Amino acid sequence: MRRTKIIATLGPSSEDPEKIKELIETGVNVFRLNFSHGDQNYHRILFQRVRSVAQTLKLPVGILQDLSGPKIRVCEVKRPFMVHKGETVEIIKKEVIGEKRDGIAIISIDRPQILEDLKEGDTVCLADGQIKLTVISNLFDRVLTQVVQGGTISSRKGVNFPGVRLSIPAFTEKDRDDLIFGLRMGVDFVALSFVNNKNDVMECRKVIEEFGSGQPIFSKIETENALKEIDSILEVSDGILIARGDLGVEIPLERVPIEQKRLVEKARAKNKIVVVATQMLNSMVHSSAPTRADISDIANAVLDGADALMLSDETAVGEFPTESVRMMAKTIKEAEKVYPYFQQIFDEESPDYAIAKSSCILAKEIKASAIVVFTKSGSSAFRVAKFRPRTPIVANVHDPEILNRLTVIWGVKPYMVLSGIDDPSRMVEEFLSQAHKDSFIKGEETIVLTMGYPVGKVGSTSLIRVLRPDQIRETLQRKIEFSA
């Protein structure tokens, strides 16, 4: 069983229902709807297709809504043009058609209010950092910059301001509208872009509390300010998504791998989900074979302890979406052969975590084939996963919505939705019967069970039970006789 989960972005290359089915069967656990592209109706169609295919396959599949955030872009230009080191680029504070005249480039951006935050010496990056400008002066109607690193300027290219504390919020009006739309559809997770501080997350949380059902928030870490505020951001987030694309523009590229490791460790220490994203298999966007560097990148993210890895262009617009997922799954499995299982990088003394840790120790000592968790909210499965046991974690819940939310958690196999029974013995019988029917259990396994009492109460996990092969066979026989 693969422990590290795979998130794939849907787009033109993967929007067909047959392709979605193929990607799920190849290893995708969660699909990402990227609200930076496409309108709400397009995402509604993708959402419905994922739900329909998952229902046909009888598999839990999560859906992540990724809000666009205040992504800043160059306005329209007459035609693409080159700028060279030492030349002047004027960023006009009102919208104009960009062009180059007499060696001077003139452009505007779609959020001109940001220009008021710039001062002499600040850096402006265009086209994912390919072009670098330095601010010379901030005038009444324009910002004068000098080209430090040249390149081609064209319409809609992204703009970044490394190290500049911008006065715009991460959670925009468009995000609010998109989020309400997504919550009403029933997305499982929400990713908030360009988070700068905890207040951004709290604004998003208010909308979920009003229109949603407790969907987890993953704060995207892609600015230098977010790195500085990471501790407070983690406190109010359910997880983080390390968005290495914009982060690699905000900070020197050579810092990105180190920050990635630091962020994974911090998130794990605070018991938060962590996703590593962007260009994991960039070489496969136009090639059926990856580079050795990309494969090493995946393996290192697995060994760092990430819960999930995300594919973006590779599955959204790439030529080989299925092959990319297959290669990622194979690399994860290989890396997990040497994964340092049963890590404990944080101290937790609560009874809930003591039960989770004890179940992992017990499963290891008796060589159990699975740790079976009966959970109301999914939190018990999450706590067991934090100890990174080699033993597979099988989660049984009372709500399909919770089952889908477990698709992103390391090592957890979301298995079944229990019927409305509240008797522990009958719950175990129901699980064993289904697991036997699915050939998941054949009667020769030893398993560890954890559950709460009273049944169905959040935070009540207090029981650990071992089921030996003879007990499993006896329970299954009773179930058969009762049914007859």
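Positions are given from 1, in the same order as the sequence printed here. Since the model is a prediction, treat every value here as computed from it, not as a measurement.
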For Phe218 and Phe189, take the angle between the two ring planes, folded into 0 to 90°, and tell me which bin it lands in: parallel under 30, tilted 30 to 60, perpendicular over 60.
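Aromatic pair Phe218/Phe189 classed parallel.
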Can you label the angle between the Tyr341 ring and the Trp410 ring as parallel, tilted or perpendicular, going by 30° and 60°?
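Answer is tilted, since the angle falls between 30° and 60°.
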Taking NZ, NE, NH1 and NH2 as the nitrogens, is one of them in [X] or [Y] under 4.0 Å from a carboxylate oxygen of the other?
X	Y	answer
Glu429	Arg426	no
Glu235	Lys270	yes
Asp238	Arg405	no
Glu22	Lys19	yes
Glu203	Lys206	yes

Check: [Y] main-chain N/O paired with [X] side-chain donor or acceptor under 3.5 Å:
X	Y	result
Arg32	Val30	no
Gln65	Asp178	yes
Asp188	Ile63	yes
Ser13	Gly318	yes

Under 3.5 Å side-chain donor-acceptor pair for [X] and [Y]:
X	Y	value
Ser193	Lys220	yes
Glu336	Thr4	yes
Asp177	Gln40	yes
Asp438	Gln434	yes
Gln260	Arg244	yes
Asp294	Ser283	yes
Thr172	Asp175	yes

Less than 4.5 Å apart, any side-chain heavy atom of [X] and any of [Y]?
X	Y	result
Leu10	Thr315	no
Lys5	Asp307	no
Pro60	Leu406	no
Ile447	Ile441	yes
Val28	Ile7	no
Val124	Val164	no

So for atom NZ, which belongs to Lys198, do other residues, nucleotides or ligands contribute more than 12 heavy atoms lying within a distance under 6.0 Å?
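Atom NZ in Lys198 is not packed in, count stays at 12 or less.
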Partner of Asp304 under salt bridge (Lys or Arg N to Asp or Glu O under 4.0 Å), chosen from Lys266, Arg388, Lys261:
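The passing option is Lys261.
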Could you report the tightest heavy-atom contact between Gly212 and Leu183, atom names first, then the distance?
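Shortest heavy-atom contact: N-CD1, 3.9 Å.
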Start with the C-alpha distance between Thr391 and Lys364, add both sets of side-chain angles, then the distance that settles side-chain hydrogen bond (donor to acceptor under 3.5 Å, both in side chains), and finish with yes or no.
CA-CA 7 Å; Thr391 310; Lys364 180 182 179 183; over 6 Å; no
